[in-house]
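Accompanying notes for the structure given below.
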There are 2 protein chains.
Amino acid sequence: MGAGMTTIKDVAKAAGTSFKTVSRVINNDDNVTPETRKKVQDAIKALGYRPNTGARMIRSKKSGVIGLIADQAGMSVHSVNLIRGAQEEAWAQGKFLMVINIDDNHQNMDAAIDKLLERRVEGIIYAAMYHHAVNPSDELRAVPLVLANCYDERGELPCVVPDEYAAACDVTRHLINTGHRRIAYLNLNPRIIAGRERSRGFLDTIHQHPAVDGWTEKAISGEIGQEVSRVDEVMSNLLNSDRRPDAILCGKDEIAMSVYFSLVEHSLQPGHDMAVASFDNLEIIAESLKPGLSTMALPHYEMGQWAIRHLLSENLEISHERLSCDFIRRASA
Amino acid sequence: MGAGMTTIKDVAKAAGTSFKTVSRVINNDDNVTPETRKKVQDAIKALGYRPNTGARMIRSKKSGVIGLIADQAGMSVHSVNLIRGAQEEAWAQGKFLMVINIDDNHQNMDAAIDKLLERRVEGIIYAAMYHHAVNPSDELRAVPLVLANCYDERGELPCVVPDEYAAACDVTRHLINTGHRRIAYLNLNPRIIAGRERSRGFLDTIHQHPAVDGWTEKAISGEIGQEVSRVDEVMSNLLNSDRRPDAILCGKDEIAMSVYFSLVEHSLQPGHDMAVASFDNLEIIAESLKPGLSTMALPHYEMGQWAIRHLLSENLEISHERLSCDFIRRASA
DNA sequence: TCGAGAAATGACAATGTTGACATGGGTGCG
DNA sequence: CGCACCCATGTCAACATTGTCATTTCTCGA
């Protein structure tokens, strides 16, 4: 390697052709005799030749690489699937995904963008850990840019986000359709979009069903990043009141887990004595709980996939795509 | 972009120097007058020039890229930190990490290796999701290779793994030192290394303390990938027997979560009426449980870091590194 | 058998950069 | 004053490949 890496010319010599013919073979050009092709392929295999991507890049002006900038805990449990979706879709389209993680304070952001642009990425996906508004630096716009799990305030960039509102409507409807008439929603911090949209969808759906009583409870207090759970307190109030609900919808799976504990402490069996449903489908929680937690899966994988597709479709329309969420029904509701 | 990407020559023209001088500036070569340097840097900024990595690669024969192959759920919640550790260390050393995920049946493995080698990666890290033996294909050995969270059966490759045995000794010792005398260990599937090593460390430590009674319970049944939890049954037996333990050590955090539920069902308070400790430190579980779960954190981040360092140190010794685990003490033990 | 047209192959320039080496102008020292 | 030397800068080849266009070889119909 290094010094003695075999080149297209070595292969040509071994195969007894011009190096241009070798180039044709590795690029699947039609105009090559089957015998010539065979000879060349044999030589390639014998010498262990691999095309040099760097040289290819210069001539063809295509890097075959797409950059993905994952903000903060982009590698968190919440959004690994976004990266996976992007990676698999890119791979399927013959592209390579380069992932860069940005730390909390975004101090390596500019350096990251520089590195990606130096490598002549054909597009960039900016993926956020949780659904929120962002304001991407102008540097980023040097190549096609798609936002995933976030959107820009000015509405100038294509983006793909989960349809939180519809998800909340769906899960609420499910609780109603399975016979529940008193539903408490344990909301997230309303400062985050998911908090606002989920409670809006919940309440709108409740209001469409006059026979159903539904209300929201503040289950999280404190600032983002400094949040404190109020679930135990809320649950204890709910269970001891004369307005005891028959179903509890949780803003996220961690809340559902606390709810399970509260129920068990009160000798109630989740899913039997009280329906529990939730959002996020963190499998490690949803599948470990007994009974399994029925929860709305966020379309992380699909967002990654969509972002790549949009980028490669060269569709320059600025679309603001909302992807629907899947309800994963287990036994809790 | 594409057609009109500015090159080193454009910069040279704008700065009124030869393009070689521009090359010197972007490579931080000493022999450039401050004024010349300034002129060039201004031109670079004005034109938005970025060096073309492809061209650099050809001449310098260095790609600046390290490949990381993450097996299966390498992107799982368990080992994202390994990737993060590798990424940050690579970044700190001026290298770029390219991550490829291999699917369950490894069918895209060869293609993945090809892609990495075509890009002339300077080394490859093979990272496994869970600690086990692997048998890397010879293709991989074309460049320096380091195994992370796994080891090769033949012992021919450098690797870095968690010191499961020492971790088990440490946590057991902690339980003993905090006054517990009857300790049950709820073991993992003994087919996996963590299962064997953790129970070995537990039992060895117990045997060093004649005053302490300790034993293992089979908490998981079934094959890898098809595992069934026996925790409820085991716990119910333990809590109803006259040999009730005063501390429970769990093979992993998911087991600890089930243990919490069993305790609460029996009106016992985890951490108060019964100590609970565990392995893995899945924060989403360990921090959501009340009280917080005391658990041994696996050195995923450090393994990623070590792998990069070893690769870049050009230390060709085949070391088999065991990294120690950190005990994260919360309130459960 | 010949010629036309298509198919296969080759020669050579071009890509954007760095390495090796050359040049020119200033500085220090005898 | 002249010579040697160093530093700044420049010239040109080399890198591994693809694009363009030219050349050779083959095929088929008259």
Side-chain angles (χ1 to χ4, degrees), chain A residues 1-41 43-44 47-65 94 114-115 117-121, chain B residues 1-41 43-44 47-65 94 114-115 117-121:
Chain A
M1 131 197 43
M5 206 85 208
T6 76
T7 78
I8 209 176
K9 299 195 180 181
D10 300 325
V11 175
K13 203 169 290 175
T17 69
S18 78
F19 67 93
K20 179 68 220 195
T21 300
V22 178
S23 169
R24 289 201 175 88
V25 171
I26 61 183
N27 288 292
N28 282 315
D29 192 306
D30 284 337
N31 293 339
V32 182
T33 318
E35 305 111 59
T36 313
R37 187 180 300 275
K38 174 94 171 56
K39 270 193 300 184
V40 171
Q41 280 165 339
I44 287 176
L47 296 178
Y49 165 78
R50 291 173 208 282
N52 182 317
T53 314
R56 286 185 136 177
M57 247 173 85
I58 295 186
R59 285 297 297 172
S60 62
K61 297 196 175 293
K62 288 189 178 157
S63 63
V65 177
D114 268 0
K115 287 288 176 209
L117 293 178
E118 280 182 15
R119 289 184 184 274
R120 299 295 188 268
V121 291
Chain B
M1 133 196 35
M5 205 85 208
T6 73
T7 79
I8 208 174
K9 298 192 180 181
D10 300 325
V11 176
K13 202 169 291 173
T17 68
S18 77
F19 69 93
K20 179 69 220 193
T21 300
V22 178
S23 170
R24 289 199 175 90
V25 171
I26 62 184
N27 288 292
N28 281 316
D29 192 306
D30 285 338
N31 292 338
V32 182
T33 319
E35 307 113 57
T36 314
R37 185 180 301 275
K38 175 88 169 55
K39 269 193 301 183
V40 171
Q41 281 165 337
I44 287 176
L47 297 178
Y49 165 78
R50 292 174 208 280
N52 182 318
T53 313
R56 287 182 137 176
M57 248 173 86
I58 296 186
R59 285 297 296 170
S60 62
K61 297 193 176 294
K62 286 188 179 160
S63 64
V65 178
D114 267 2
K115 287 288 176 207
L117 293 178
E118 280 182 13
R119 288 185 184 273
R120 299 294 189 269
V121 290

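Remember, predicted model here, so these are calculated numbers, not experimental data. Chain identifiers are assigned alphabetically (A, B, ...) following the order of the sequence lines, protein sequences preceding nucleic acid strands; residue numbering begins at 1 within each chain.
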| note | Sorted by chain and residue number, the salt bridge (Lys or Arg N to Asp or Glu O under 4.0 Å) partners of Arg50(B) (sequence neighbours excluded) come out as Asp114(A), Glu139(A)
| Residues in salt bridge (Lys or Arg N to Asp or Glu O under 4.0 Å) with Lys9(B), at least two apart? | none
| Among Asn52(B), Ile26(B), Thr21(B), which residue meets the side chain to side chain contact (heavy atoms under 4.5 Å, CB included) test with Ile8(B)? | Ile26(B)
For the pair made of [atom1] in [X] and [atom2] in [N], what is the distance, rounded to whole Å?
{"X": "Asn27(A)", "N": "dA16(D)", "atom1": "CG", "atom2": "P", "result": "17 Å"}
{"X": "Asp29(B)", "N": "dT18(C)", "atom1": "CG", "atom2": "P", "result": "11 Å"}
{"X": "Ile58(B)", "N": "dG19(C)", "atom1": "CD1", "atom2": "P", "result": "13 Å"}
{"X": "Lys9(B)", "N": "dT11(D)", "atom1": "NZ", "atom2": "P", "result": "11 Å"}
{"X": "Lys20(B)", "N": "dA14(D)", "atom1": "NZ", "atom2": "C1'", "result": "12 Å"}
{"X": "Lys62(B)", "N": "dA16(D)", "atom1": "NZ", "atom2": "C1'", "result": "18 Å"}
{"X": "Lys13(B)", "N": "dT9(D)", "atom1": "NZ", "atom2": "P", "result": "20 Å"}
{"X": "Arg119(A)", "N": "dT17(C)", "atom1": "CZ", "atom2": "C1'", "result": "14 Å"}

| To the nearest 10 degrees, how far apart in direction are the end axes of the helix from dT1(C)-dA30(D) to dG30(C)-dC1(D), each fit to five base pairs? | 40°
Any idea which heavy atoms bring [X] and [Y] closest together, and the distance?
{"X": "Val40(A)", "Y": "Val11(A)", "value": "O-CG1, 4.1 Å"}
{"X": "Asp30(A)", "Y": "Arg37(A)", "value": "O-NH2, 3.8 Å"}
{"X": "Thr17(A)", "Y": "Val22(A)", "value": "OG1-CG2, 3.8 Å"}

Return the [atom1] to [atom2] distance between [X] and [Y], rounded to the nearest 0.5 Å.
{"X": "Glu118(B)", "Y": "Arg120(B)", "atom1": "CD", "atom2": "CZ", "result": "8.0 Å"}
{"X": "Asn31(A)", "Y": "Thr36(A)", "atom1": "CG", "atom2": "OG1", "result": "11.0 Å"}
{"X": "Ile58(A)", "Y": "Arg59(B)", "atom1": "CD1", "atom2": "CZ", "result": "10.5 Å"}
{"X": "Ser18(A)", "Y": "Lys20(A)", "atom1": "OG", "atom2": "NZ", "result": "8.5 Å"}
{"X": "Arg119(A)", "Y": "Arg56(B)", "atom1": "CZ", "atom2": "CZ", "result": "9.5 Å"}

| Starting at the 5' end of DNA chain D, which residue's closest nucleotide do you reach first, Arg59(B) or Thr17(B)? | Thr17(B)
| Given dG10(D), dT15(C), dT17(C), which nucleotide is nearest the side-chain atoms of Ile8(B)? | dT17(C)
| query | Can you tell which of dT18(C), dG10(C), dC12(C) lies closest to the side chain of Phe19(A)? | reply | dC12(C)
Below 4.0 angstrom from OP1 or OP2 of [N], is there any side-chain N or O of [X]?
{"X": "Ser18(A)", "N": "dT9(C)", "value": "no"}
{"X": "Thr21(B)", "N": "dG10(D)", "value": "yes"}
{"X": "Lys61(A)", "N": "dG16(C)", "value": "yes"}
{"X": "Thr7(B)", "N": "dG16(C)", "value": "no"}
{"X": "Ser23(B)", "N": "dT17(C)", "value": "no"}

Would you list the protein and nucleotides 5-8 of chain C atom pairs, both N or O, that sit under 3.5 Å from each other?
from   : atom 1 : to       : atom 2 : distance (Å)
dA8(C) : OP2    : Asn31(A) : OD1    : 3.1
dA8(C) : O3'    : Thr33(A) : OG1    : 2.9

| message | Can you build the contact string for nucleotides 22-28 of chain D? Use B for base contact, S for sugar-phosphate-only contact, and - for no protein heavy atom under 4.0 Å. | response | -------
| query | Where along residues 47-57 of chain B does a heavy atom come under 4.0 Å from DNA chain D, residue by residue in number order? | reply | none
| For the side chain of Asn27(B) and the backbone of Asp29(B), is there at least one donor-acceptor N/O pair under 3.5 Å apart? | no
